[in-house]
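For this chain, numbers begin at 1 and follow the sequence in order.
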Amino acid sequence: MKKPQAAVRSRLRKQASRQEGSEKRVLSSSQVKPSTAAGLAKRQEAAWQASVSSYHLFRDTAEVMAFRENLLNWYDREKRDLPWRRLAEGEVDLDRRAYAVWVSEVMLQQTQVATVIDYYTRWMQKWPTLQDLAGASLEEVNQLWAGLGYYSRGRRLQQGARKVVEELGGHVPHTAETLQRLLPGVGRYTAGAIASIAFGQATGVVDGNVIRVLCRVRAIGADSSSTLVSQHLWGLAQQLVDPARPGDFNQAAMELGALVCTPQHPHCSQCPVRSLCRAYQKVERGKLLASQSLPGSPDVEECASSTELCQLCAHPTEPWDQTLGVTNFPRKASRKPPREECSAICVLEQPRALGGPQILLVQRPSSGLLAGLWEFPSVTAEASGRCQREALLQELQSWAGPLPASHLQHLGQVVHTFSHIKLTYQVYGLALEGQTPVTIVPPGARWLTREEFHTAAISTAMKKVFRVYEGQQPGICKGSKRSQVSTPSSRKKPSPGQQLLDSFFRPLIPTDSSNLNSMAQ
């Protein structure tokens, strides 16, 4: 039997009153002698809260309690069964629990859950403890991380594990502040997630899913990436987090954003907090006004401040679009387009090598893009085809010695977008037929069989390049929206006039087996 709504609200207010009194007692005892910096920060926060319209806040403690209860009840029913949750819930040792959460949170950054599950399972099987990870080589870490993207995450995760083992006695810091301060690669969000889920610290977290939920619930239309709005969102997250179940609450907020309050097609009818959602209320009011042809309605709260003055409302030049519904929030900030770069890259193969065909890989520098990963020899390229070939041949010779320049063939191109770079690979191939196999290479290079190549620490882009070489994947690569592959056969045939120009400017390639020295002279 359902309880009357009045009784529920009364019970929530009583709970809120008890909690508010408890929080005040804790606050007063912990701030007997506040530092000047802490006092200043609190005064600034109070001034900021006072300047913000209540439309964008949770002023009523009973409302906060209702939000917590509704969200956690929904989470208990609907949460997904994920391997990192099972590990964290069943692990008694706090350091191992923190490690399980830490690995999952790092992997989930900018990566979908479905992709992470397999990587996480294999990672935890290979390195079940911090000590195991600390003892691994960077090569092993890169090899397992290959294909997951944002490769610096794996490297920093291992650096953090080594710091815990070597400098912190094998114990993970318990608070968000110390996690962020002491561990490399652990930012504010990751620190809060570990502290709340593994150690039960009542600290809020803000990720992309939480940003979307909070911006809709409190109708925050200003740029969510701005410092001012970001601070406000973190304040809301801290206000809402349930002190009794902080880890579950933070996961519930993220789960809500992932499953219900989605970017494009939110399922508002399934949302446990829609009765508290400003965006949903605005949509429903619009429907009511449209159905009754009414000019306005005073029954639904709006921001009391002028939109020209309120720093949390959308700019007046970005008015509410009724057709978008709740997806009016959050507003998307304009993104800076990735810079474009070009590289000439070559798959150098020895088909008759002892033990089977082998291909040459070289290791990237230990810092920067794709640090420490293996790739085919490459050079930064310009538009000129002749200069591109000569530079690439010089690079190949530096690793493998004299080569038959006439065998170098252009096969196609791969366009791959990293987080901030759009890189076009001009793909070449060179097979050393009829030559004595090369067995000695300088440090930083190695010959691998095709089977070894597919399990090596290489990026997804290199796998695309190799597909062009194999000739098995013309056109656009399936399974990736971020990589495009084209081959000469897949490109449109040039016009007769263009063919004449191409033949005039085509680089002169010797027909004999001259090596790179003759080309470079």
Quiz item: Got Ser459 and His416 here, is their nearest side-chain heavy-atom distance under 4.5 Å?
Solution: no

Practice problem: Please tell me if the side chains of Val206 and Ser230 come closer than 4.5 Å, counting only heavy atoms from C-beta onward. | Solution: no

Quiz item: Could you give the distance from SG (Cys261) to CD (Glu255), rounded to the nearest 0.5 Å?
Solution: 13.0 Å

Quiz item: Is the backbone of Gly90 close enough, under 3.5 Å, to the side chain of Arg97 for a donor and an acceptor to pair up by distance?
Solution: no

Quiz item: Can any side-chain N or O of Thr262 pair as donor or acceptor with the backbone N or O of His265 at less than 3.5 Å?
Solution: yes

Practice problem: Flag the pair Val141 / Trp127 as yes when at least one side-chain heavy-atom distance between them is below 4.5 Å, and no otherwise. | Solution: yes

Practice problem: Please name the pair of heavy atoms, one in Val205 and one in Ala193, separated by the smallest distance, quoted to 0.1 Å. | Solution: CG1-N, 3.4 Å

Practice problem: Taking all non-hydrogen atoms of both residues into account, name the closest pair between Ile458 and Met462 and its distance. | Solution: CB-CB, 4.3 Å

Self-check item: side-chain contact (heavy atoms from CB on, under 4.5 Å) assessment of Tyr280 paired with Val273
Solution: CA-CA 10 Å; Tyr280 180 74; Val273 295; over 6 Å; no

Quiz item: Between the side chains of Gln109 and Thr190, does any donor sit under 3.5 Å from an acceptor?
Solution: yes

Quiz item: What is the minimum heavy-atom distance between Leu183 and Gly160, and which atoms define it?
Solution: CD2-O, 4.2 Å

Quiz item: Is the Lys NZ or Arg CZ of Arg212 less than 6.0 Å from the centre of Phe329's six-membered ring, within 45° of the axis?
Solution: no

Exercise. Spell out, as yes or no, whether a donor-acceptor pair under 3.5 Å connects the side chain of Arg68 to the backbone of Met65.
Key: no

Quiz prompt | Reported CG-to-CZ distance for the pair Leu72 and Arg77, which is rounded to 0.5 angstrom | solution = 11.0 Å

Quiz item: Is there a side-chain contact between Gln180 and Pro173 (heavy atoms, below 4.5 Å)?
Solution: no

Quiz item: Between Arg85, Arg80, Arg245, which is the residue that forms a side chain to side chain donor-acceptor pair (under 3.5 Å) with Gln251?
Solution: Arg85

Quiz item: What pair of heavy atoms forms the shortest contact from Ala98 to Phe199, and how long is it?
Solution: CB-CZ, 3.6 Å

Quiz item: What residue among Val241, Ile220, Val217 forms side chain to side chain contact (heavy atoms under 4.5 Å, CB included) with Leu236?
Solution: Ile220

Self-check item: Gln413 side chain to Tyr425 backbone, donor-acceptor under 3.5 Å
Solution: no

Quiz item: Distance-only, no hydrogens or angles: does the Tyr120 side chain make a donor-acceptor pair with backbone N or O of Ala100 under 3.5 Å?
Solution: yes

Quiz item: With side chains defined as the heavy atoms from C-beta onward, is the minimum distance between Arg278 and Tyr55 less than 4.5 Å?
Solution: yes

Quiz prompt | Parallel, tilted or perpendicular: rings of Trp123 and Trp145 (30°, 60°) | solution = perpendicular

Self-check item: Under 3.5 Å donor-acceptor, His232 side chain and Ser224 backbone
Solution: no

Quiz item: Do we see a donor-acceptor contact under 3.5 Å between the side chains of Ser269 and Arg274?
Solution: no

Exercise. Is it possible for you to check whether Arg364 lies under 6.0 Å from the centre of the six-membered ring of Trp374, through NZ or CZ, and within 45° of that ring's axis?
Key: no

Quiz item: For Gly247, does its backbone N or O pair with a side-chain atom of Asp242 as donor and acceptor, under 3.5 Å?
Solution: no

Exercise. Run the numbers on Thr178 and Thr175 for side-chain hydrogen bond (donor to acceptor under 3.5 Å, both in side chains), then give the verdict.
Key: CA-CA 5 Å; Thr178 52; Thr175 67; 2.7 Å; yes

Quiz item: Counting only heavy atoms not in Arg156, do more than 12 sit closer than 6.0 Å to its CZ atom?
Solution: no

Quiz item: Taking the side chain as C-beta and beyond, is there a heavy-atom pair between Leu288 and Glu284 under 4.5 Å?
Solution: no

Self-check item: side-chain hydrogen bond (donor to acceptor under 3.5 Å, both in side chains) between Thr121 and Asp118, worked out
Solution: CA-CA 5 Å; Thr121 301; Asp118 178 59; 5.9 Å; no

Quiz item: Is the Lys NZ or Arg CZ of Arg122 less than 6.0 Å from the centre of Tyr119's six-membered ring, within 45° of the axis?
Solution: yes

Exercise. Keeping the roles fixed (side chain from Gln159, backbone from Pro184), state whether a donor-acceptor pair exists under 3.5 Å.
Key: no

Self-check item: Lys163 NZ: over 12 foreign heavy atoms closer than 6.0 Å
Solution: yes

Quiz item: Within the side chain of Gln311, is there an N or O that forms a donor-acceptor pair under 3.5 Å with the backbone of Leu228?
Solution: no

Exercise. Check whether more than 12 heavy atoms from other residues, nucleotides or ligands sit under 6.0 Å from atom CD of Gln112, and answer yes or no.
Key: no

Practice problem: Could you check whether the rings of Phe466 and Phe453 sit parallel, tilted or perpendicular, using 30° and 60° as the cut-offs? | Solution: tilted

Quiz item: Which atoms form the tightest heavy-atom contact between Asp95 and Val172, and what is the distance?
Solution: OD1-N, 2.8 Å

Practice problem: Decide, yes or no, whether a salt bridge links Glu89 with Lys79 under the criterion of side-chain N to carboxylate O below 4.0 Å. | Solution: yes

Quiz item: Do Asp81 and Arg86 sit within salt-bridge range, that is, some charged N less than 4.0 Å from a carboxylate O?
Solution: yes

Quiz item: Do Pro338 and Ile421 touch side chain to side chain, with heavy atoms closer than 4.5 Å?
Solution: no

Exercise. Find out whether Val210 and Met254 are in side-chain contact, i.e. whether some heavy atom of one side chain is under 4.5 Å from a heavy atom of the other.
Key: yes

Quiz item: Between Tyr189 and Glu105, is a side-chain hydrogen bond (donor to acceptor under 3.5 Å, both in side chains) present by the stated rule, with each step listed?
Solution: CA-CA 9 Å; Tyr189 162 75; Glu105 291 299 338; 2.5 Å; yes

Quiz item: So Ile211 and Asp207, side-chain contact (heavy atoms from CB on, under 4.5 Å) or not? Walk me through it.
Solution: CA-CA 6 Å; Ile211 287 174; Asp207 74 339; over 6 Å; no

Quiz item: Is the His420 to Phe418 ring centre distance short of 6.0 Å?
Solution: no

Quiz item: For the side chain of Gln143 and the backbone of Thr455, is there at least one donor-acceptor N/O pair under 3.5 Å apart?
Solution: yes

